[in-house]
2 protein chains.
Amino acid sequence: MNKNKPTSFDIAHRAGVSQSTVSRALRNSPQVKQETIELVHRIAKELNYKVDKAASSLRSQNSATLALLLFEDPTSDDSLINPFFHAMLGSITRACASHGQDLLISFQQLSDDWHADYEDSHKADGLILLGYGDAIDYEPKLKQLAAQGTRFVRWGPQTGSDLGLVIGCDNHQGGYDATAHLLSLGHRRIAFIGTASNHYPEFFQRYQGYVQAQVQHGVAIDPTLQQDAITNEEAGFQATLDLLDRVSGLDAIFAASDLIAIGAIQALKSRGLKVPNDVAVVGFDDIQIARYSSPPLTTVRQDTGLAGKVLVETLLSLIKGDEVAAPTIPTQLIIRRSCHTPDDGQ
Amino acid sequence: MNKNKPTSFDIAHRAGVSQSTVSRALRNSPQVKQETIELVHRIAKELNYKVDKAASSLRSQNSATLALLLFEDPTSDDSLINPFFHAMLGSITRACASHGQDLLISFQQLSDDWHADYEDSHKADGLILLGYGDAIDYEPKLKQLAAQGTRFVRWGPQTGSDLGLVIGCDNHQGGYDATAHLLSLGHRRIAFIGTASNHYPEFFQRYQGYVQAQVQHGVAIDPTLQQDAITNEEAGFQATLDLLDRVSGLDAIFAASDLIAIGAIQALKSRGLKVPNDVAVVGFDDIQIARYSSPPLTTVRQDTGLAGKVLVETLLSLIKGDEVAAPTIPTQLIIRRSCHTPDDGQ
DNA sequence: CTGAAAGCGCTTACAG
DNA sequence: CTGAAAGCGCTTACAG
């Protein structure tokens, strides 16, 4: 079947033109007569001809392929993927398709040589990095990539002194909005669950938004209301239990991610506390599960559809050598039933 | 940076051997002296050399790449991916990595020419098809792939007269186990929610297991207890409301997928029915959400870890030209709180 | 607007 | 165990 795969020479022969002209015509070169272009395309279709990607990449030194590298904390169960990544994956896939790029996907270990694996081998023209993990562990890797001249974009926290091009949402604003919403509902003892340090800068930015909202509303910050957790349900569950053992009078939780929030809700229920009647909960991400948790989760949506598009387009600009900026993706507060709304009598 | 990418000639020069020998040494050919192999590898490492994938693919006519094509019903919201696919994706990714294969990923429309897109262009040596959708719509596509000699494997229902190589779980047994479990808890009015026809053969197989279990337990089949639904929460929600309007005395639901089950639970709650006290619910898949639904969902687990490995390894055998069989992946009943267990006093 | 020719960086017979 | 040579199927100067 594949033995007789047609080449551009076959088309040239049938069309009565040279192979060079076929090559140009297939890419709709303005140099080629419209008539010839149409003829070549017609014959190509008849023969089921497709440009050989390997030959094209080799000659043009351009793979028209991007690589998406996913990574998580090495401690996390590696059969699970953060649902937030899935949404990003869908969006990145579509953006690649619309730009004629193929997408390689891989789960990476911190120990691997990402540059070598993808750029040196010409498998991909650039990398998209996606992951939650300890930013401190991760930093040397980024430095190495930058030093190697790897073209990459990364989803993450924008700090102003970023290694490489970082595209992220407005974590601070999102944290502010979530907290302001809880304050507007009358809550005053609002916990923050999530590791708020430079190890998890996205969470830290959300925490800072949480602090700012309270300061602006004249609520004193009680540092004992912050409890560390990485982004999975287990961690959220355990952190909430620890928090409940430590503090009193809690009336709301702002969880640094939806996964943490879902664990928190389970923990609250396990202690006989009702959500939102006893404790309101707000998450972050708006993953698919958020709508189907019980109660449905109020959360801060990250626009994954836009994010994927921006990641891909920014990377393509970078590869082309254009000047590129790193836009910030806005967030949006999505109100559901995990906290009372003013007009919600429940 | 990439301008001076080293080639096998650079290594040859430094090592004082020919380029052919370098090429052999890099692939650890038994023809090459161990000493030479080691020398070549050492120099390659020093130079950060990586075999150029395009050149290698072009010459060897082998891309060492598989393509994963995902598709869903065109009607479904295309920003969502069935969580079951995510688990498969993780598993397939890992299996590819362990076999030295790159993985291209794409969301496909039924209208696209999958063979041309991947095999004719030498982007991939074979395809993995993953998707839920109407099997009848899908069939002409499979016939076309088979006719074109495309090497592909597919996750789906094994019917005995499959187009191409189909790997799937034991849907019938899974349906039987779920239903037998409900029967053992004393339920007698068990609904099946999911389209049970040749349009959705996996669901149909699960339905047949459901029927068989009841027959064996001497329970008469009431066809009005079956309600169509495709695999998403919306459909499950709506189907359950319709069912509740139509039939009386319902004491359990076997949903053809977890997404349907989650929609069903929402619907039951919206009618003031308690799960499992008023109506028990069992799902199918054991997606991640199942553990965090409220109540946690009893379901039939498909072993996605094994499935991904088997898909990849079967496809690689097919590409190599080996004789291949299509194994069936076993299922496992996972008991949680969405139906009473005999020793669960709740 | 088109063609002849070179060459991308490998792998693989072929010869020794 | 190693080397010289051909060639995978394109793209792209170069020449007209």
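Every chain is numbered from 1 and lettered A, B, ... according to where its sequence line falls, protein lines coming before strand lines.
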Classify the nucleic acid contact of B/T7 as base, sugar-phosphate or nothing, counting any heavy atom under 4.0 Å across all strands shown.
-> sugar-phosphate
A/H13: partners by side chain to side chain donor-acceptor pair (under 3.5 Å), with sequence neighbours left out | none
For chain B, the stretch of DNA chain D it reaches, first to last nucleotide, under 4.0 Å of its heavy atoms | D/dC1 to D/dG9
Using atom types as modelled, flag every donor-acceptor pair under 3.5 Å from a side chain in residues 43-52 of chain B to any protein atom, sequence neighbours excluded.
| residue | atom | partner | partner atom | Å |
| --- | --- | --- | --- | --- |
| B/D52 | OD1 | B/A54 | N | 2.9 |
| B/D52 | OD1 | B/A55 | N | 2.9 |
| B/D52 | OD2 | A/H122 | ND1 | 2.7 |

Taking all non-hydrogen atoms of both residues, which atom of B/V166 and which atom of B/Q158 are closest, and how far apart?
-> O-NE2, 2.8 Å
Per-nucleotide pairing state of DNA chain D [Watson-Crick or G-U, under 3.5 Å; [ ] pseudoknot-crossing; | other strand] | |||.||||||||.|||
Would you name the heavy atoms of B/A146 and B/F152 that are closest together and state the gap between them?
-> N-CE2, 4.0 Å
Say whether, by atom type as modelled, one donor and one acceptor occur between the side chain of A/R27 and the main chain of A/S23 under 3.5 angstrom.
-> yes
Nucleic acid contacts - residues 24-40 of chain B versus DNA chain D, non-hydrogen atoms under 4.0 Å | B/R24, B/P30, B/Q31, B/V32, B/K33, B/T36
Those residues at least two apart in sequence (or on a different chain) that pass salt bridge (charged side-chain N to carboxylate O under 4.0 Å, His left out) with B/D102 are A/K123, B/K53
When you compare C/dG16 with C/dT12, how far apart are their C1' atoms, in angstrom units rounded to a whole number?
-> 16 Å
Span that lies between the P atom of D/dA13 and that of D/dG9, in whole angstrom = 23 Å
Evaluate the salt bridge (charged side-chain N to carboxylate O under 4.0 Å, His left out) criterion for residues A/E139 and A/K143: first the C-alpha distance (whole Å), next the side-chain angles of each, then the deciding distance (0.1 Å), finally the verdict.
-> CA-CA 6 Å; A/E139 206 181 315; A/K143 285 198 171 132; 3.4 Å; yes
